[in-house]
Amino acid sequence: MRLLLLGAGLVAIMLLAMLAGARGIAPADLAALLGHYDPTDPAQITLLEIRLPRLVAGLIAGAALGVAGMVMQAVTRNPLADPGLLGVNAGAAFSLLLGATLLGRGDAASLSLLTLPGAGLAALAVFSLGGGLAGDAGPVRLTLAGVALNAFLLSLVSLLVLLRRESLDVFRFWVAGSLAEAGQRPLTGLALLALCGIVLALLLAPRLEALSLGGALARGLGTHPGRVLAGALLAVTLCTGAAVAVAGPIAFLGLVVPPLARRIMGTEMRGGLIAAALLGAGLLLLADIAGRLLIPPGEIRAGVMTALLGGPVFLWIARRLRPGEGA
Amino acid sequence: MRRLLLMLLALLALCALALMRGQLALSPLQLWQGLSGAEGPAHLVLAVIRGPRVAAALGTGAALGLSGMLFQTLFRNPLAAPDLMGFTSGAGLAIVLAMTLGLGLPVPLVAALGGLIAAALVLLLAWKPGQALAPLVLVLVGLGVGFLTQAASSFLMTALPPEQAADAQRWLTGSLNARNWGHVALLAAGLAVLGLLALSQIRRLEALDLGEELAAGLGLHPGRARIAIAVTGVLLAALAVSVAGPLPFVALMAGPLGARLLGRTALAPRMAAAALTGAMIVVAADLLARATIPGLSLPAGVVTGLLGAPYLLWRLSREMKKGEL
């Protein structure tokens, strides 16, 4: 029931995403515009060539990041875990940039896959630090480690961009944290990639729930923490890699979505993951719409909008943590 | 004392190296001639380009080192540095805001205001009535304020015309490119005033280190003393930011590394060591940034980021082993 309501909300946001923008489209015209294709109609070109790819990109990246955040928070038992904050986004972006610089600019589909090794390595670093394997890291340590990893990777990105002129082009196109270039990405393949990650997370959901009780207790319940962690790692890698390939590094979505999803669905993991996917997609689309409308004719990248939203949420969560609670 | 002198010598040697290396390499003899005022290309390079650049690196590093030491001692936590707690990015945001609005205010003033506002925000948000300020919560809230100011900076940069936005970006990375003697004079004056202020706080810091009650027994008002120390620290950080941008991790590294080089625990020499180490880090980072890859001048902030991030990770794993975090 609650999921249905969330789904209805997402559909409303999707409609808004098609209508709103520098060139407004009247709701009454929408059905006609979606109907038969007329390549000379500017409104239809706006809708089909620009807004629809953007919409799809927002759905993919938002759902994937929401799920990735949910999985990371369950595994690290840390409400401040987020693929952006902990450097997984930066890892994906750096490996894309490095690969594109070394191998030359191939087709977009193979370039997209270059995000996966970086995302995987960075997620591995996060999990080995705070994944219940080596004891709890605590929110401060984990967040600071994320800051360090992010700073290091971003410095490497600056270095690369300054060293090789062609990486600047790759950087501008791929690493902007925006949905604006969505039409030029291999969206179908990336949607499949993200879907694999989301389905894997859903399959792991009961075991993630057990794991979030703590490694020893999970083992007592018959769960193999090692296998669950490996599965979670793969799910986070697929989701984050796909999201970064679609939209570039977008931070804070994985931080903001899980507490909302938990508030709506309680502690049940499978429902929580579905809610996180719906909420993530809706929030990212809203951020993109707001960014389009705020300073016309210019626009603000969706990643900047989520960061503006995420900063206060981070502070709110940080303030509620008690220093005794493994801080 | 001897170790401090050794550190000073090392810093001087590093400065000499930084003055010699660059697109036009100078021999030690040329350096000497250039410094003693003999006319020629060496003199020109030293007087116009490398001299002010190295001097600015020196001053920025010293200010950041002192600032980091003040906060790390005040909060008794090696992670409580102004860069991790969002003060330097607050100063950076204020400068970008002034750029966007086209305000003609002097940069140091704007940076100081931004740093102070960020610090006040961090303290306010971390403070809970009836509880002592927990350093780790402070660091976490500081990180959050840092994220928020960085987001606001990128938001503002969208509003700037592309060329200015590129300037602002380069500037927010932290760089010592094209600094002039005006910057150096500002740093020297600011360091003289704020350095004296910091020195005058040493007794208070030592008293606070004994604990609230003992400090109050010594006739100290702990709240006021803390605020005075924090304001001095923020102003030192803002001074550095207004010349070189928010160079990441320098304030974090300088204090502990300096203490390790010094191997002593008294506060006054440790402060001096932090300033010297900060200066060494920035001079070395700038030298690496412009002299490692021929034909390419990196912003110094990229180098301190590459050096500082592994340091932070190492520090975190060590603190974790000692059970301090």
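A note on names: the letters A, B, ... follow the listed sequences, proteins ahead of strands, and every chain is numbered from 1.
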Contact part of A:Ile317 toward chain B, heavy-atom cut-off under 4.5 Å: side chain, backbone, both or neither? neither
Below 4.5 Å from any heavy atom of chain A, which atoms of [X] appear? Answer side chain, backbone, both or neither.
X	answer
B:Val139	side chain
B:Val303	neither
B:Tyr311	neither
B:Leu307	neither

Minimal non-hydrogen separation, A:Leu315 against B:Val145, with atom names: CD2-N, 3.8 Å
Compare every heavy atom of A:Phe314 with every heavy atom of B:Leu140, then report the nearest pair and how far apart it is. O-CE2, 3.3 Å
Side-chain donor/acceptor pairs under 3.5 Å, residues 144-158 of chain A, sequence neighbours excluded:
from, atom 1, to, atom 2, distance (Å)
A:Asn150, ND2, A:Gly84, O, 2.9
A:Asn150, ND2, A:Leu85, O, 3.0
A:Ser155, OG, A:Ala151, O, 2.9
A:Ser158, OG, A:Leu154, O, 2.9

Heavy-atom count check: over 12 atoms from other residues, nucleotides or ligands less than 6.0 Å from B:Glu163 CD? no
Please collect all side-chain hydrogen bond (donor to acceptor under 3.5 Å, both in side chains) contacts where either partner lies in residues 295-309 of chain A, sequence neighbours excluded, each pair once. A:Arg54-A:Glu299
B:Phe155 CZ to A:Ile300 CD1 distance, which is reported to the nearest 0.5 Å: 3.5 Å
Do side-chain atoms of A:Arg319 reach the backbone of B:Leu125 as a donor and acceptor pair under 3.5 angstrom? yes
Heaviest contributor of heavy-atom pairs below 4.5 Å to chain B, chosen from A:Thr143, A:Val313, A:Leu162, is A:Leu162
